Amino acid sequence: MAEPLIVVRDVKKIYQTGDVEVHALGGVSLDIDSGEFVAIMGASGSGKSTLMNILGCLDRPTLGTYRLAGRQVAKMNRDELAETRNEVLGFVFQNFNLLARTSALENVELPLVYRGVHAKERHRRAALSLERVGLGQRLDHTPAQLSGGQQQRVAIARALVGEPKVILADEPTGNLDSKTSIEVMGLFQELGKAGITVVLVTHEPDIAEYATRVVVVKDGLILEDTRHAPRMAASPPKAERPQS
Amino acid sequence: MNPLITLRIALRAVLRNKMRSFLTTLGIIIGVAAVIAMMAIGAGAKAQVEAAFSAMGTNLLIILPGSTTSGGSFGGYGSMPTLTWDDMAAIKNEIGTVRLVAPSLRSTQSLVSEEMNWTTSVTGTTPELFQIRAWPIAQGEAFTQQDVDSGTKVVVLGQTVVDRLYGPTSNPVGQSVRIGNTPFTIVGVLSKKGQSPMGQDYDDASFIPSSTFAHRIQGGLGKFLIGQIYVQATSSETTGRALADVKTLLRDRHHLQPGIDDDFSIRNLAEIASAQQDSANTITTLLASVAAVSLVVGGIGIMNIMLVSVTERTREIGVRMAIGAKPMSILLQFLIEALVLSIAGGLIGVSLGVGVAWWLAAKFKWPMAIQVDVIVVSVLFSALVGIVFGLYPARKASQLDPIDALRYE
């Protein structure tokens with residue numbers, strides 16, 4: 001069988017603060033396959049954000065190896081990391097992080113701008129991506145004219161537009177009400193069915209329930225790694241309730 | 001990354017804070033406008049000097065008689081007649097770099113018409129003088145070489161003399177005017193020439209044949225030429241050679257041994273003119289440098305605002321990096337923003353500067369001298385200021401850590 005999409009081996013992240021060494025990650029190993037929907041859980045300070053940053057190629061491990069889609073990330077320079085983020089990954093943030101006073105379409109186009117895609121093709125793909133998240137009618141709206149849920153969907157469209165292998169979502173429902181949160185989780189579940197890997201960081205157990213796999217991090221180590229049948233967000237709910 | 005898109009992003013960022021962008025560029029605007037206005041003032045002053053000297057005659061040498069030590073008496077130039085009519089003929093005939101030669105014998109005389117009188121300078125000369133000084137006749141015509149040969153009593157008047165004796169609109173050609181006690185016939189009136197660099201009125205003068213002058217006014221000194229000799233060289237390049245040649249010729253003719261001082265003096269008007277222009281240039285350079293300092297100050301203003309802008313948009317930078325912007329893309333984005341500000345400032349400054357220059361030219365009646373090279377250099381310099389002072393903030397932005405930038409509140 002081919003190598004998993006994400007291979008993390010004995011990854012350590014050590015920050016030097018003055019004379020004190022802080023071990024944010026103390027040796028983490030993790031494999032994630034294509035199409036998995038993984039929730040990383042943990043309290044603040046547990047190291048889940050550090051793990052997320054390393055998975056997102058925003059940071060490099062101090063020790064250990066990280067292979068993403070067959071490429072060794074630990075040895076990449078800043079430009080190569082940027083290219084990897086652009087081509088393999090898509091980011092969704094808690095506070096959406098859309099460019100203000102910029103239309104939804106242009107926000108979604110942005111990753112393609114940095115990839116050097118021509119304007120016409122950019123428009124086409126961005127519009128398609130917005131349709132995919134159900135915002136095909138709001139291409140010209142600026143973030144200020146959209147609700148929180150809609151803004152997050154624009155952000156998801158932006159993450160999707162480059163046809164990434166992995167979507168990394170950092171507390172994507174943190175600023176949303178529960179109804180909108182479920183809608184967003186439903187969107188992620190659909191992506192999983194389409195073969196896109198979703199890695200989600202959250203501290204809310206009921207949000208983690210929508211994932212197919214839950215990884216619990218504590219004190220820089222993986223405490224638990226369980227697979228379970230997810231709770232389905234799509235209506236009508238045909239799926240059975242998860243057990244745990 | 002497409003530079004056109006980078007430009008669009010930069011334009012949008014600049015237009016988002018219109019007032020701030022305008023105030024940021026104000027330093028550059030003032031700097032560029034000042035440089036252009038100063039250069040225009042300098043060019044205007046220079047053109048004025050040029051016009052004044054070309055009114056005296058181009059490629060002109062003036063030979064003055066004189067002796068420093070002669071028979072125990074010391075005197076400056078002009079105190080003793082040392083130049084002869086033969087000297088003048090020799091200069092004309094023997095030196096290849098000389099185009100025209102004319103004597104200038106001067107005296108102040110009272111001119112009397114039927115109703116008025118006016119005391120003015122009377123110059124005895126030959127028709128060549130009008131050519132040397134590029135001074136056309138407005139009414140009638142100049143006296144001729146024949147008049148000079150036969151000592152005819154004819155006079156050519158300057159416009160100011162005509163104004164005083166006959167009124168500004170009259171045509172006195174053919175009338176008689178007395179110089180001293182001798183009646184002269186007016187044959188021509190010279191066109192208006194204006195003022196000399198020293199403020200003297202060129203048009204307050206009258207001209208008669210040199211022979212008539214020597215006979216009627218000086219009473220005749222025979223072979224000596226009591227006055228100056230005007231020499232026009234064939235071109236501006238040969239003026240220096242003509243000067244040397246005239247000097248050698250005259251020393252030879254006057255039998256001056258090596259080591260003995262010249263008993264004449266040669267003034268090179270081109271040199272005097274260029275000295276005046278040099279001083280005008282120095283002042284222009286000084287003024288423009290002071291103005292250029294404000295360009296640098298304007299650059300610091302741009303750097304300041306760009307630093308603020310980078311801090312304000314830290315989060316945006318983080319997002320751009322997260323979705324795949326390379327450090328170079330971020331650097332270019334902010335550098336181009338600084339460039340847009342500085343070039344826009346430069347262009348506004350150019351139009352303002354040209355406006356001021358135009359206004360000054362109109363006010364002081366200067367020739368309007370728009371120097372394209374100065375405009376191009378100012379705009380390029382303001383672009384350079386944008387790059388130099390935009391580079392540090394842009395580099396700072398591109399070196400941000402994406403994690404920290406995303407977390408920035």
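The structure presented is a predicted model; accordingly, all values stated were derived computationally and were not measured. In what follows, every chain begins at residue 1, and chains take the letters A, B, ... in the order their sequences are listed.
Atom CG of Leu110(A) and atom CZ of Arg320(B) lie 5.0 Å apart (nearest 0.5 Å). One finds the CG atom of Leu406(B) at 8.5 Å from the CG atom of Asn95(A) (value rounded to the nearest 0.5 Å). One distance of note links CE of Met321(B) with CG of Leu81(A); it measures 11.5 Å at 0.5 Å rounding. How far CG of Asp401(B) is from CG of Asn53(A): 8.5 Å, rounded to the nearest 0.5 Å.
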Worked verdict on Arg8(B) versus Val113(A) for side-chain contact (heavy atoms from CB on, under 4.5 Å): CA-CA 12 Å; Arg8(B) 241 181 64 191; Val113(A) 168; over 6 Å; no
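Counting heavy atoms of neighbouring residues, nucleotides and ligands inside a 6.0 Å radius, atom CZ of Arg16(B) exceeds 12 of them. Within a 6.0 Å radius of CZ in Arg20(B), more than 12 heavy atoms belonging to other residues, nucleotides or ligands are found.
Only the backbone of Ala100(A) comes within less than 4.5 Å of a heavy atom of chain B; no side-chain atom from C-beta onward does. Heavy atoms of Leu58(A) lying under 4.5 Å from chain B belong to its backbone as well as its side chain. Contact annotation for Arg12(B): only side-chain heavy atoms (C-beta onward) come within less than 4.5 Å of a heavy atom of chain A.
For the residue pair Tyr114(A) and Gly324(B), the shortest heavy atom distance occurs at CB-O, 3.8 Å. Closest of all the heavy-atom pairs between Ala325(B) and Ala82(A) is O-CB, 3.8 Å.
Side chains of Asn86(A) and Lys326(B) form no contact here, defined as non-hydrogen atoms less than 4.5 Å apart. Put simply, the side chain of Arg78(A) does not reach to within 4.5 Å of the side chain of Met328(B), judged on heavy atoms.
Considering only heavy-atom pairs separated by less than 4.5 Å from chain A, the leading option among Pro402(B), Pro327(B), Ala322(B) is Ala322(B). Counting heavy-atom pairs under 4.5 Å between each of Glu83(A), Arg101(A), Glu80(A) and chain B puts Arg101(A) at the top.
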